[in-house]
Number of protein chains: 2
Amino acid sequence: MTTHVEARQSVPALESVARSRILDSAAELILDQGFAGTSMREVAASVGIKAGSLYHHFASKEEIFSAILERGIEVMVDSFAAVPVAVTEPPEALLRAHVRAHLGSLFEFGPYTAVHVTTFRSAPSSVREAIVPRRDAYEAMWSTLLHRIASGGAFRDDQDLGIARLVLFGAMNSTIEWFDLDGSLAIDDLADAVATQFWQGVSREGPSKEGLSREGLSREAAIQ
Amino acid sequence: MTTHVEARQSVPALESVARSRILDSAAELILDQGFAGTSMREVAASVGIKAGSLYHHFASKEEIFSAILERGIEVMVDSFAAVPVAVTEPPEALLRAHVRAHLGSLFEFGPYTAVHVTTFRSAPSSVREAIVPRRDAYEAMWSTLLHRIASGGAFRDDQDLGIARLVLFGAMNSTIEWFDLDGSLAIDDLADAVATQFWQGVSREGPSKEGLSREGLSREAAIQ
DNA sequence: CACGCTACCTAACAAATGTTAGGTAGGCAA
DNA sequence: TTGCCTACCTAACATTTGTTAGGTAGCGTG
């Protein structure tokens, strides 16, 4: 009854075509219903098969979820690694390019990264713990980047780098909530806006020495 | 078998003590399991009663969820309205105070706002649509605030206000993911860091006229 | 006292859940 | 042809789900 047989990929085939199709559909569903809110029957129906057949490709619902979250990280890491800007470029250009890459991973390579970002916190702890190391690895790439820039003296020294990074992550990741690839704002312009806001802020006048801190930010509270 | 009878509140009692206790526990559970991932029996057990008894206080699971999301907005709106800084204050102070208020609503008044922010996108559309107007009202309060500041000329004019606001929201809301009230970083310092980063950015040198934009950000893509 | 009200309970319901066992159709290789 | 393998199916399973009906204990008020 199926129209044709899928060709096997020539690569060592970590992920067969069938598996990928299922993951695509499942991720889309999970993105707007959550993991627990998406049933195996729904996933199966969305790719035109019956629920039981899913177990020909995955051992369990959790395995599907895990695969999606992992692919989400892969996409981010690959995007980061593929940034076409040399580390010798000026800080603003470096930053902008990496912001663009991260936003790209959220919108341009399937729903995987978006699912990862939005549902990680409510994932079963077994799934979550298995992914944490890879997640940390990606965050470390960013840490390294920011430290490199900071060591060049381009950053203000009254702001904690770890906090700055987490705030930037939040700003980027939450674009999922409102940005639309097909809308009037281009993703390149979005990246520029986010990067500029991160780098220079929104105020007209330049940064004062003391910033906004009420009495000077205590530095003891450093976060990685 | 119950130890005591709850005293009725003297206020018109929009929310009885019993209802509030249930909402508290339910919100906590939903915060780290999601709506679909949290069962009525779980909620009931967390307040020491049986599932059926929940229906003495709420008509359905959805009603519990709705009540939580609505309270989440209430907390935000109340916090915003209670900001003890006059609009005549300098922009940085105004901003910092409102950032502090929003962060407070996320961490200091129960899990409601946090639940709202993290689970809104995966809520059943019936629930979501009912809440959208109130949500918009809160966002409008921020829009008004930012426009007031902008009309004073304090903002750079090459950045879209709507985007800036959404990015700020993202930065604030995603602190849920990593900030810990009982950690070494005080929430006041967090607010300072976020506000400073929003206002001045992280770079040392002042904003250049052209910013980071590749060729000048197109303004047509204005977002509310 | 009797009444009614609140807040809970038990027990069950139909429906939906993840998962499994066993079967079938078609392609490919010997 | 025979046999195996992949990819699907049907049908059922035990469990969990939201929800409801009906009952009971304790309280305050008439």
Side-chain angles (χ1 to χ4, degrees), chain A residues 1-10 12-26 29-30 33-68 119 122-127, chain B residues 1-10 12-26 29-30 33-68 119 122-127:
Chain A
M1 247 303 155
T2 39
T3 54
H4 66 288
V5 176
E6 325 259 57
R8 217 8 81 65
Q9 271 181 328
S10 55
L14 282 136
E15 217 68 277
S16 76
V17 175
R19 270 178 69 108
S20 277
R21 280 229 341 269
I22 294 170
L23 290 181
D24 270 5
S25 286
L29 289 170
I30 292 176
Q33 298 182 333
F35 172 62
T38 303
S39 72
M40 292 296 265
R41 284 169 178 82
E42 253 179 307
V43 171
S46 74
V47 293
I49 63 176
K50 293 300 166 68
S53 307
L54 287 174
Y55 292 84
H56 218 314
H57 303 279
F58 298 92
S60 66
K61 192 188 179 189
E62 272 204 3
E63 191 185 299
I64 295 183
F65 197 32
S66 275
I68 290 173
T119 70
S122 62
S125 57
S126 56
V127 174
Chain B
M1 243 303 157
T2 39
T3 52
H4 66 290
V5 176
E6 326 260 55
R8 215 11 79 65
Q9 273 183 327
S10 55
L14 281 137
E15 217 69 276
S16 76
V17 174
R19 270 178 70 107
S20 277
R21 281 230 342 270
I22 294 169
L23 290 180
D24 271 4
S25 285
L29 288 170
I30 292 175
Q33 297 182 334
F35 172 62
T38 303
S39 72
M40 293 295 265
R41 284 170 178 82
E42 251 179 308
V43 171
S46 74
V47 293
I49 65 177
K50 293 301 167 70
S53 306
L54 287 174
Y55 292 83
H56 218 294
H57 303 279
F58 298 92
S60 68
K61 192 188 179 190
E62 272 204 3
E63 191 185 299
I64 295 183
F65 196 33
S66 275
I68 290 173
T119 71
S122 64
S125 56
S126 57
V127 174

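Computed from a predicted structure; not experimentally measured. Letters go in sequence order (proteins before strands), and every chain restarts at 1.
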Measure CZ/A/Phe58 against P/D/dA7 and give the value in whole Å, please. 12 Å
Once you round it to whole Å, what is the distance between P of C/dT6 and CG of B/Leu54? 18 Å
Separation of D/dG23 C1' from B/Lys50 NZ (nearest whole Å): 15 Å
Compute the angle between the rotation axes at the two ends of the helix from C/dC1-D/dG30 to C/dA30-D/dT1, each taken over five pairs, rounded to 10 degrees. 10°
Residues passing the side chain to side chain contact (heavy atoms under 4.5 Å, CB included) test with A/Ser20, sequence neighbours excluded, are A/Glu15, A/Arg71
Could you pull out all donor-acceptor pairs under 3.5 Å where a side-chain atom in residues 44-54 of chain A meets a protein atom, sequence neighbours excluded?
from	atom 1	to	atom 2	distance (Å)
A/Ser46	OG	A/Val43	O	2.7

Qualifying residues under salt bridge (charged side-chain N to carboxylate O under 4.0 Å, His left out), relative to A/Glu63, sequence neighbours excluded: A/Arg19
B/S/- contact track for nucleotides 14-20 of chain D, protein heavy atom under 4.0 Å: ---BBBB
May I ask you to verify if any side-chain N or O of B/His57 is less than 4.0 angstrom from the OP1 or OP2 atom of C/dC8? yes
Could you tell me whether the side chain of A/Phe65 reaches within less than 4.5 Å of the side chain of A/Thr119, counting heavy atoms only? yes
Protein-nucleotide distance (B/Ile49, atom CD1; D/dA25, atom C1'), rounded to Å: 16 Å
At their closest point, which heavy atom of A/Phe35 faces which heavy atom of A/Pro124, and how far apart are they? CE2-CG, 3.9 Å
Looking only at non-hydrogen atoms, find the nearest pair between A/Gly34 and B/Ser122 and report the distance. N-CB, 4.1 Å
Among all residues two or more places apart in sequence or in another chain, which pass the side chain to side chain donor-acceptor pair (under 3.5 Å) test with A/Ser126? A/Glu62
With rounding to the nearest 0.5 Å, note down the distance linking CG in A/Asp24 to CG in A/Leu29. 11.0 Å
